[in-house]
> 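The structure follows.
In this text the structure is predicted, and so the values were computed from the model without any measurement. Just so we're on the same page: letters track the sequence lines, and every chain starts at 1.
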Amino acid sequence: MRLATWNVNSIRTRVDRVVDFLERTHTDVLAMQEIKCRPEQFPLDAFESAGYRVASHGLDQWNGVAIASRVGLSEVETTFPGQPAFGKAGADAVVEARAIGATCEGIKLWSVYVPHGRSLDDPHFAYKLSFLDALCLSAATWASSGDSVAIVGDWNVIPLDTDVWDASGPELSTHVAPKVRAAFSAFEDAGYDELSRRFLPEPGRYTYWDYQQLRFPKNEGMRIDFVLASGTLTPRAVGAIIDRGERKGAGPSDHVPVIVDFLDDPGSVEA
DNA sequence: ATGCCTTCTGCAAGAAGA
């Protein structure tokens, strides 16, 4: 089974590119982030014509997450237990569209878009930490049940200094802060392994390049999109690809897909 | 001096991204 995650930065703008990717790479399940639309605005037809079912969650033009699958899609959930709300001072707090879960061919999959944080002294940064903490608590219970769980998406975390071209950039403090890195590594303690690095450990394997300042041609990027798998799923992983080519050409997202291939669940093999 | 992209809404320019 081929699983991918991709922050598409508007599915309505990028739909042709995304469906072309699915067909070109024979991806079975795609977790998307930043779809930037409500479900009724999602370009379903292009996905269904290509043989995929879609579950999406979006409240407005911000955030938004979705899962497309050609191997089953059931038990859809649009928030995880304990998912925190966020609102500007004076405004009502809202549980934003930053997570969607579904079961696809026996894998409990979550597509997540972790809050950016904005700056260390911004309330958005505390929101980011509480989002990661709450997700990790839920993740621990999922893993301890023995389910095959994948939590994938745009984590907005730079785990290692080698995951960014310049770790000292002050605008990246929200992504390299010790508290953020600790919140991310806590998923390991909860029983998860990050699979793309297992197969692609080299420095400079980035998944995001800013649109500005010729960041992509200069390979000044960062690695912030990850595939976390529970203990029962990890042994089935056989390879990973970061599809850097998707940053090229006309109208790319600023992120590229991260792909992981899994062997079939041995429990599903017929006797 | 500021920004150098891209997307959204909505029709101007601001918010947000990282």
> Can you tell me, in whole Å, how much space there is between the P of dA15(B) and that of dA1(B)?
24 Å

> Can you tell me how far C1' in dA12(B) sits from the matching atom in dT7(B), rounded to whole Å?
16 Å

> Using atom P of each nucleotide, how far apart are dT2(B) and dT6(B) to the nearest Å?
23 Å

> Show your reasoning for whether salt bridge (Lys or Arg N to Asp or Glu O under 4.0 Å) applies to R181(A) and D161(A).
CA-CA 11 Å; R181(A) 286 179 166 173; D161(A) 285 352; 2.9 Å; yes

> In whole Å, I'd like the distance from the CE atom of M32(A) to the C1' atom of dT7(B).
17 Å

> With a 4.5 Å cut-off on side-chain heavy atoms, are R223(A) and I242(A) touching?
yes

> Which value, in whole Å, describes the distance between the P atoms of nucleotides dA16(B) and dG10(B)?
15 Å

> Should D163(A) and R197(A) be marked as a salt bridge (Lys or Arg N to Asp or Glu O under 4.0 Å) after you check the CA-CA gap, both sets of side-chain angles, and the distance that decides it?
CA-CA 10 Å; D163(A) 292 332; R197(A) 198 186 299 282; 2.7 Å; yes

> Indicate for each nucleotide in nucleotides 9-18 of chain B, in 5' to 3' sequence, whether protein heavy atoms under 4.0 Å reach the base (B), only the sugar-phosphate (S), or nothing (-).
S-----BSSB

> Rounding to a whole Å, what distance do you find between R17(A):CZ and dT7(B):P?
11 Å

> What residue among D261(A), T25(A), D28(A) forms side-chain hydrogen bond (donor to acceptor under 3.5 Å, both in side chains) with R2(A)?
D261(A)

> Once you measure the plane-to-plane angle for F187(A) and F184(A), does it fall in the parallel (<30°), tilted (30-60°) or perpendicular (>60°) bin?
tilted

> Mind telling me whether F216(A) and W209(A) have parallel, tilted or perpendicular rings, with 30° and 60° as the class edges?
perpendicular

